[in-house]
Protein chains: 2
Amino acid sequence: MQNSFTEENYLKIIHSLSGRDGAEVSTNALAESTSTRAASVTDMLRKLADKGLIHYKKYQGVTLTETGEKVAIKVIRKHRLWEVFLVEKLGFGWDEVHDIAEELEHIPSEVLVEKLDAFLGHPRFDPHGDPIPDAKGNLTEPDYRILTDVQVGEKVLMMGVLDHAPSFLQHLDRSGITLGSVIEVREINEYDKSASVQINGGQTLFISLEVSKNLLVQRR
Amino acid sequence: MQNSFTEENYLKIIHSLSGRDGAEVSTNALAESTSTRAASVTDMLRKLADKGLIHYKKYQGVTLTETGEKVAIKVIRKHRLWEVFLVEKLGFGWDEVHDIAEELEHIPSEVLVEKLDAFLGHPRFDPHGDPIPDAKGNLTEPDYRILTDVQVGEKVLMMGVLDHAPSFLQHLDRSGITLGSVIEVREINEYDKSASVQINGGQTLFISLEVSKNLLVQRR
DNA sequence: ATATATTTTTAGACTAGTCTAAATTTTTTA
DNA sequence: TAAAAAATTTAGACTAGTCTAAAAATATAT
């Protein structure tokens, strides 16, 4: 039984809204994320439930079944591998690849994914620092901290972003912050909670709270 | 105005059935090639005509408009570039790439195609010897000969295939014939019109008329 | 705890792409 | 050149995915 482009997208979105704990996802949240109306979501949920891909009880929200989870993770694996390809091989910026990967992730063919993975050297992370599930479907989210949780005086490594919006990524580019950058938190401004940080031991700049909330970092 | 996956396929197929002279293509031929019914083809033809992509008069067959031709050639360009990628970079066999490229060819994004083209080193031919249209849409079909037109005693270069069926390509693999092979026609068998040929100055073997008809060759 | 607000589902409809069966047009053939 | 055959189009219907409007269920707030 083959899943459609649209079905795969629902599963992927349920996965991401569901979070690590596999919490229930609401119809409205899905309508928001899929840019459709709640009524359309309900229709699709009945269909996915019939196919055994989600647990669904009317009015109670949904969670993925084990099968549904597997499908979702395969799509995520493909999405992230294609993003690596687009950035590493074709020279796209990390702010340019999301929409194209949204299309490529639905190309069917197990062998294509595995050959692509090998060609890319079995990367563990995509250009935004998101972990790439392995061929068996194991997806281990590394427990990065958010920059807002870093103490003044700490030096950390920039490992990923929570927001993938092109405008946010371009802002980071202009700030000279990329994956692997060393960020030292120098001071937190009482007034607006912005942070003074030093990047790679060089330039010092202000990072707004909004930005800090979307930066994933790790102890060095 | 964006064309759908299905519309692009119709245009591509009309292009290929239409041939170099841009001859009219019949509804039935399209039904055959698209694996649909004639009635469905008629519906789609009305739609493509409304969009200005084909010239269509009821019962008279169709030809591509200039716009339709451009769209078709873009799809062909993408198909052939992806095939090069799959064979050259991912290590697929030339008999394995057609179906995957059928999907990839519909991924939208001009910049993706151009970056892919550059990454591949601006290849002029795909893994089956078919010419790749350039970014401007210029598609020059080289005038290869068919092996059946080669005289006994001539040595030619194998440049492409007319049949892309996996079984045919696998048969060539087993015969040791690939793009660039030197083929010397030694003898034509009166009985079944099969040809005795020598490959790369080495092994001599029989090629059936069926096979000869599908081999494109060039004077060395 | 009951009224109000919010969320979700149902009902009925629309588009794209397909189908079958029947009608029509074109082509072939005798 | 008229009848038969073949090709094509029309008519009406189906599925997937979406919509709006209205009904029903759940949550919230006095």
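The sequence lines fix the lettering, A, B, ..., with proteins before strands; numbering per chain opens at 1. All values derive from a computational prediction rather than experimental measurement.
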In whole angstroms, how far is the [atom2] atom of [N] from the [atom1] atom of [X]?
X	N	atom1	atom2	answer
B/Leu48	C/dA16	CG	P	12 Å
B/Gln2	C/dA16	CD	P	14 Å
B/Arg37	C/dA23	CZ	P	19 Å
A/Lys51	D/dA16	NZ	P	9 Å
A/Met44	D/dC19	CE	P	11 Å

Residue pairs passing the ring-ring contact (aromatic ring centres under 6.0 Å, His included) test where at least one lies in residues 86-105 of chain A, sequence neighbours excluded: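 Counting only pairs at least two positions apart or across chains, the ring-ring contact (aromatic ring centres under 6.0 Å, His included) contacts touching residues 86-105 of chain A are A/His79-A/His98.
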Taking only distance into account, with no hydrogens and no angle test, what donor-acceptor pairs under 3.5 Å do side-chain atoms of residues 15-22 of chain A form with protein atoms, sequence neighbours excluded?
{"residue": "A/Ser18", "atom": "OG", "partner": "A/Ala23", "partner atom": "N", "Å": "3.2"}
{"residue": "A/Ser18", "atom": "OG", "partner": "A/Ala23", "partner atom": "O", "Å": "2.6"}

Sugar-phosphate, base or nothing in reach of A/Ser40, heavy atoms under 4.0 Å: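 Base contact.
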Sugar-phosphate only, base, or nothing, as touched by B/Phe5 at under 4.0 Å among non-hydrogen atoms: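 No contact at all - B/Phe5 keeps every heavy atom at 4.0 Å or more from the nucleic acid.
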Pairing residues for B/Lys70 by the salt bridge (charged side-chain N to carboxylate O under 4.0 Å, His left out) criterion, not counting sequence neighbours: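 B/Lys70: no salt bridge (charged side-chain N to carboxylate O under 4.0 Å, His left out) contacts found.
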Pairwise side-chain hydrogen bond (donor to acceptor under 3.5 Å, both in side chains) hits with a residue in residues 25-36 of chain A, at least two apart: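 Listed by first then second residue: A/Thr34-A/Thr36.
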Heavy-atom protein contacts under 4.0 Å, nucleotides 1-10 of chain C, coded B base, S sugar-phosphate only, - none: ------SBBB
Step-by-step ring pair (Phe, Tyr, Trp, His ring centres under 6.0 Å) determination, B/Phe85 to A/Phe85: CA-CA 12 Å; B/Phe85 170 71; A/Phe85 169 71; 4.9 Å; yes
Which residues share a side-chain hydrogen bond (donor to acceptor under 3.5 Å, both in side chains) with B/Gln170, sequence neighbours left out: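 side-chain hydrogen bond (donor to acceptor under 3.5 Å, both in side chains) list for B/Gln170, sorted by chain: B/Asp95.
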